Amino acid sequence: MKNIIISLDGHSACGKSTLAKMISDHLSYVYIDTGAMYRAITLYFIKNNLIDQDNNLSKDFINHVDNIHIDFAKKSNEEKFTVRLNGVFVEKEIRTLEISKLVSSVSKNQIIRSKLIKLQQSYGAENNLVIDGRDIGTVVFPYAQIKFWITASEKIRAQRRYLEFQKTNSDITFKEVLEDIKRRDNEDENRTISPLIKPDNAMEIDNSYLSIEKTFQTALTHINEMMKDER
Ligand code: DC
């Protein structure tokens, strides 16, 4: 039987990952956070001085691509799979504003996208998946059986991300977070390779004024409907 792929696409900080985790827990499917993969590669480039603060990628990056190994694994004391860069768990390091600012030049690069897309597709060949990102229902798994397009207003997304940042780094202002979100939306939508667009046949959920639980229930109702057709 073919593996079931549930894709979630949408702008930055729209709640895709939270919802994807809830769905994967509920169905016991593997969860893949593709944004974390682009962030982990950005971390590698920062550590190896391959990217400058103006978001320019050094040409030398090409000599490093085969040395970058991204995967997902469980820490011994945890249930969840999180991203690893060359065998090291980097979930915490990749959630900084610096990474958010520099990730776009990495994610618009064709060579990096091809590498990561292949890896994402290989997870889908082996597992039932819940996978979120920007190009999942359009490019990575255009034949995903169940697709979601998650949205929320710009201000609400910025507010949520700001509250998250405040837990770890109280120096960041709401304005900085909002600007970062606007800039990334613009870059994700307007890049030539795999721009962010709503996939055909995706169910849209605007969660601006929905609780997490209500968003989850809405998604689950749709999944159950779609699964009937799959059985
Ligand atoms: O979802 P996120 O904010 O963690 O993603 C980080 C960046 O990676 C985001 O700015 C866009 C990019 N990205 C992408 O281009 N394609 C994906 N499938 C996932 C993320």
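The structure presented is a predicted model; accordingly, all values stated were derived computationally and were not measured. Numbering of ligands and ligand atoms starts at 1, following listing order. What's counted below: heavy atoms across the whole structure, side chains too, no hydrogens, waters or symmetry copies.
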With atoms numbered from 1 as shown, which atoms in ligand 1 lie under 4.0 angstrom from a non-hydrogen atom of Val103? 7 (C), 8 (O), 10 (O)
So the atoms of ligand 1 within less than 4.0 Å of a heavy atom of Ser107 turn out to be 12 (C), 15 (O)
Do [X] and [Y] meet the criterion of a side-chain donor-acceptor pair at a distance under 3.5 Å?
X	Y	value
Arg134	Ser12	yes
Thr221	Gln217	no
Thr82	Glu91	no

Starting from [atom], locate the nearest protein heavy atom and write down its residue, its atom name and how far away it is, to 0.1 Å.
atom	value
atom 3 (O) of ligand 1	Arg184 NH1, 2.9 Å
atom 4 (O) of ligand 1	Arg39 NE, 2.7 Å
atom 19 (C) of ligand 1	Thr34 OG1, 3.3 Å
atom 16 (N) of ligand 1	Arg113 NH2, 2.9 Å
atom 13 (N) of ligand 1	Arg134 CG, 3.7 Å
atom 11 (C) of ligand 1	Asp188 OD1, 3.4 Å

Quick one: ring pair (Phe, Tyr, Trp, His ring centres under 6.0 Å) partners of Tyr29, sequence neighbours excluded? none
Sub-4.0 Å heavy-atom contact, Arg191 with ligand 1: yes
Please confirm whether Met37 comes under 4.0 Å of ligand 1, counting heavy atoms of the residue only. no
Are any of the N/O atoms in Ser12 less than 3.5 Å from those in ligand 1? no
Testing Arg39, Lys21, Arg95 one by one against Asp33 for a salt bridge (Lys or Arg N to Asp or Glu O under 4.0 Å), which residue passes? Arg95
Cation-pi, Phe89 ring and Lys75 (6.0 angstrom, 45 degrees): yes
Please tell me if the side chains of Leu85 and Ile70 come closer than 4.5 Å, counting only heavy atoms from C-beta onward. yes
Apart from Ile156 itself, what residues make up its hydrophobic cluster when side-chain heavy atoms of I, L, V, M, F, W and Y under 4.5 Å apart count as a link, directly or indirectly? Tyr209
